[in-house]
S.K.: 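Have a look at this one.
What's counted below: heavy atoms across the whole structure, side chains too, no hydrogens, waters or symmetry copies. Proteins get letters first, then strands, A, B, ... in listed order; numbering begins at 1 in each.
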Amino acid sequence: MCAVYHKYLRLDHLPHIWCPGCGNGIVMGAFIRAMEDLKYDQNEVVVVSGIGCSGRISGYLDFNTLHTTHGRALAFATGIKAAEPRLKIFVFMGDGDATAIGGNHLIHACRRNIDMTAIIINNCTFGMTGGQFSPMTPKGKKASTAPYGTVERNFDIPALAQAAGATLVARVGIYQVNLLRELIVKASHHKGFALLEVISQCPVNYGRRNQMGDPAEMLEDQKGIIKSAGLGQGLENYFGQIFQSEQPEFIEEYNKMIVQAQKKGGCDV
Amino acid sequence: MVKPKLMQGNECCALGALAAGVRFFAGYPITPSTEIAEIFSKELPKLGGVFMQMEDEIASLAAVIGASLTGKKAITATSGPGFSLMQENLGFAAVAEVPCVIVNVMRLGPSTGMPTLPAQSDVMQARWGTHGDHSVIALAPSSVKEAFCLTVRAVNLAERYRVPVVLLMDEVIGHLRERVVFQPDEKVVQWERKQCLNPKSSQPFEETADGIPPFFSFGGEYRHHVTGLVHDESGFPTSQREGISRLIRRLHYKITQHLSDIVQVEEFFVDDADVLIIAYGSTARSAQAAVVRAREEGKKAGLLRLITLWPFPEKEVSTAAVNKKAVIVPEMNMGQLALEVARVLPDKNLLFPINRVDGELVTPDEILSVMGRIY
């Protein structure tokens with residue numbers, strides 16, 4: 001194993017719990033290589049994760065790491081960033097984590113435009129609990145709780161995040177692993193809330209139910225999945241591309257307000 | 001001569017937190033606690049601290065825990081429905097041993113209930129609201145001044161024991177305005193959490209003699225992992241039976257072996273009393289008035305006022321109840337703390353609960369009338 005993995009992985013906590021063919025390890029590998037590019041002091045980085053298979057990423061990475069409650073990773077991360085703005089924050093969530101139970105925190109983190117990088121690993125299912133449909137399961141796909149195919153529509157995460165106010169948004173497939181590394185670097189350099197949707201695969205609990213073949217075949221099919229994960233036309237525009245805008249960032253705006261409050265002076269306490 | 005101030009319970013609570021060193025607040029608007037958030041929004045920026053209005057109460061406590069993990073003293077304030085939402089992350093704070101204070105200005109429930117009317121009906125929720133076995137500390141102020149002092153104490157206890165502390169303030173105390181005097185020689189003492197001094201010889205969740213592990217902060221010199229999963233002393237998930245049991249038991253005994261430091265009660269004519277009233281919060285004020293009037297009538301009444309509700313002052317209650325002919329427990333609920341009192345009384349027939357659930361206070365007259373029937 002090359003030195004960069006030795007540096008950023010907690011080797012004594014491997015092997016990981018993920019099934020063979022899972023995409024989480026690929027995302028973690030891209031993240032580690034992005035860390036190599038970014039060269040942050042590990043003590044100055046916080047990796048926050050939610051609940052589910054992707055939530056276990058935090059435990060394997062050698063940074064300050066926080067494995068939170070289901071869906072709440074962004075809310076915990078917001079508290080960390082606001083209390084200690086110098087820390088670099090990376091938040092890992094699954095699709096169920098971020099868009100079902102954590103949907104409210106997701107849109108408000110976007111709206112607040114607080115400086116952090118959020119990565120949603122979208123494998124279109126609740127994998128940890130055995131393959132129930134998530135808000136990201138494309139309509140008609142089967143799940144343990146959708147034996148006849150889900151009748152619900154799925155979110156378009158980049159469109160949702162952009163509408164909610166995120167200032168860097170991109171969708172990327174796992175097979176674009178070098179692009180993912182570049183996007184993580186770009187997202188971390190971006191001042192504001194950056195959201196990356198990574199289309200991943202769950203061969204065991206999603207692929208198997210939908211006759212999608214082995215992990216390699218699922219990767220081959222990813223372009224199609226990326227398109228079907230959206231609600232309508234033109235979504236392929238998000239794929240590997242970036243929406244980016246400059247908007248006031250929360251911590252900077254808060255600090256301006258502090259200066260203003262302190263000018264008025266006289267603590268009432 | 002110190003000039004007295006006219007102050008409100010919610011106001012004193014916020015100021016107490018600031019005096020205790022709190023520099024982070026995250027909350028969500030809810031009656032009847034909103035003044036607390038409003039004061040923090042005004043004062044914290046002046047002190048360079050952080051005020052955040054989050055998207056809900058779940059996020060509020062999550063942000064508070066996140067801030068506390070960086071070493072900051074952090075607090076949130078809410079009321080019944082918000083307190084219900086906070087239970088999830090209250091459990092996280094308990095198992096991950098993250099110091100934090102949750103102020104619950106109690107209103108009448110369940111559900112939306114009566115948002116502007118007082119109750120004391122979250123006593124059991126404070127203890128058992130989140131799932132799983134866990135320890136928690138809850139305090140109940142009876143006056144506006146005490147709202148200040150007990151908020152300071154709540155912050156201190158949270159830091160010392162690495163535990164979520166709930167300040168159970170009923171709406172009466174939260175919105176009451178009364179005379180408050182701070183003496184010039186009154187000092188606010190701040191307790192600090194035990195810090196990790198040497199990561200080579202200590203672990204983030206190690207079983208120390210006092211049960212409280214040293215704290216490693218995010219952004220400090222040592223990296224570590226914090227999880228809501230059951231973890232071993234290193235902080236990483238474990239599925240070893242012995243390790244699971246050791247953690248859950250330590251979460252309990254780190255509180256139960258320090259009862260003398262945590263539990264506080266106040267006695268008022270208890271020793272020679274025939275009838276003992278056990279009360280807390282605003283109800284204790286009516287109870288005290290009832291004791292004074294009973295004594296004027298020659299009746300030997302006494303009051304044991306509970307300042308700490310959780311851990312339940314078992315020893316203090318059972319000692320105070322020795323040789324009493326009756327124990328009256330007035331509460332603005334259907335009898336929550338009375339259950340605990342009944343548990344420690346030698347004879348349950350001695351217990352006379354008074355339960356008021358119409359959003360009105362228990363009056364001294366009501367207590368005296370019950371006393372008159374039994375004594």
S.K.: What part of B/Tyr222 gets closer than 4.5 Å to chain A, counting heavy atoms only: side chain, backbone, both or neither?
M.R.: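 The backbone, not the side chain.
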S.K.: For A/Tyr254 and B/Gly49, work out which heavy atoms get closest and say how close.
M.R.: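 So the two residues come closest at OH-O, 2.8 Å.
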S.K.: Out of curiosity, A/His67 NE2 to B/His231 NE2, how far, rounded to the nearest 0.5 Å?
M.R.: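 Atom-to-atom, A/His67:NE2 and B/His231:NE2 are 12.5 Å apart.
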S.K.: Given the options A/Ile51, A/Asp62, A/Thr78, which has more heavy-atom pairs under 4.5 Å with chain B than any of the others?
M.R.: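 Top count of heavy-atom pairs under 4.5 Å with chain B: A/Asp62.
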S.K.: Which atoms of B/Met52 come close to chain A, meaning under 4.5 Å heavy atom to heavy atom: side chain ones, backbone ones, both, or neither?
M.R.: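 B/Met52 touches chain A through side-chain heavy atoms alone.
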S.K.: Between A/Glu44 and B/Gly219, which heavy-atom pair has the shortest distance, and what is it?
M.R.: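 For A/Glu44 versus B/Gly219, the nearest heavy atoms are OE2-O, 4.0 Å.
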S.K.: Testing the basics here: between A/Gln262 and B/Pro45, what is the closest heavy-atom pair and its distance to 0.1 Å?
M.R.: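 Heavy atoms only, the tightest pair is NE2-O, 3.5 Å.
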S.K.: Which atom pair, heavy atoms only, marks the closest approach of B/Lys46 to A/Ala261?
M.R.: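 Closest pair (atom of B/Lys46, atom of A/Ala261, distance): CG-O, 3.9 Å.
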S.K.: Report which part of B/Val50 has an atom under 4.5 Å of a heavy atom belonging to chain A: side chain, backbone, both, or neither.
M.R.: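 Both parts, heavy atoms under 4.5 Å.
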S.K.: Give, for atom CZ of B/Phe218 and atom OG1 of A/Thr65, the distance between the pair rounded to the nearest 0.5 Å.
M.R.: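 That separation rounds to 6.0 Å.
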S.K.: Going from NE2 on B/His224 to CZ on A/Arg10, what distance comes out if it is rounded to the nearest 0.5 angstrom?
M.R.: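 One finds 9.0 Å between NE2 of B/His224 and CZ of A/Arg10.
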S.K.: Hey, which residues of residues 84-93 of chain B are touching chain A, say heavy atoms under 4.5 Å apart?
M.R.: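 Residues of residues 84-93 of chain B touching chain A at under 4.5 Å: B/Glu88, B/Asn89, B/Phe92.
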S.K.: Can you tell me how far the CZ atom of B/Phe24 sits from the CD1 atom of A/Ile80, to the nearest 0.5 Å?
M.R.: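 If we round to the nearest 0.5 Å, B/Phe24:CZ and A/Ile80:CD1 are 10.0 Å apart.
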S.K.: Find the distance between CG (B/Leu44) and CE (A/Met257) and round it off to the nearest 0.5 Å.
M.R.: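 One finds 9.5 Å between CG of B/Leu44 and CE of A/Met257.
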S.K.: Looking only at non-hydrogen atoms, find the nearest pair between A/Ser58 and B/His225 and report the distance.
M.R.: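 Scanning both residues, the minimum pair turns out to be OG-CE1, 3.4 Å.
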S.K.: Under 6.0 Å from the OH atom of B/Tyr28, do we count more than 12 heavy atoms belonging to anything else shown?
M.R.: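 At most 12 heavy atoms, drawn from other residues, nucleotides or ligands, come within 6.0 Å of this atom.
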S.K.: Assess whether atom CD of A/Glu246 is packed by more than 12 heavy atoms of other residues, nucleotides or ligands within 6.0 Å.
M.R.: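 Incorrect, the count does not exceed 12.
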S.K.: Just wondering, more than 12 heavy atoms not from B/Gln183 lying within 6.0 Å of its CD?
M.R.: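 Correct, the count exceeds 12.
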S.K.: Hey, which residues of residues 83-101 of chain A are touching chain B, say heavy atoms under 4.5 Å apart?
M.R.: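 Hits under 4.5 Å: A/Ala83, A/Glu84, A/Arg86, A/Leu87.
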S.K.: With respect to B/Glu55, which candidate in A/Arg111, A/His108, A/His105 satisfies the side-chain hydrogen bond (donor to acceptor under 3.5 Å, both in side chains) definition?
M.R.: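 That would be A/His105.
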S.K.: Is any side-chain heavy atom of B/Phe236 closer than 4.5 Å to one of A/Asp12?
M.R.: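 A side-chain contact is absent here, since even the closest heavy-atom pair is not under 4.5 Å.
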S.K.: Any chance you could measure B/Ser234, atom OG, to A/His13, atom NE2, to the nearest 0.5 Å?
M.R.: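 Spacing of OG (B/Ser234) from NE2 (A/His13) equals 5.0 Å.
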S.K.: What residue, out of B/Leu229, B/Leu69, B/Val64, has the most heavy-atom pairs lying under 4.5 Å from chain A?
M.R.: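 Heavy-atom pairs under 4.5 Å are most numerous for B/Leu229.
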S.K.: Can you tell me if B/Glu242 has over 12 outside heavy atoms packed within less than 6.0 Å of its CD?
M.R.: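 No - once you tally the heavy atoms of other residues, nucleotides and ligands closer than 6.0 Å, there are 12 at most.
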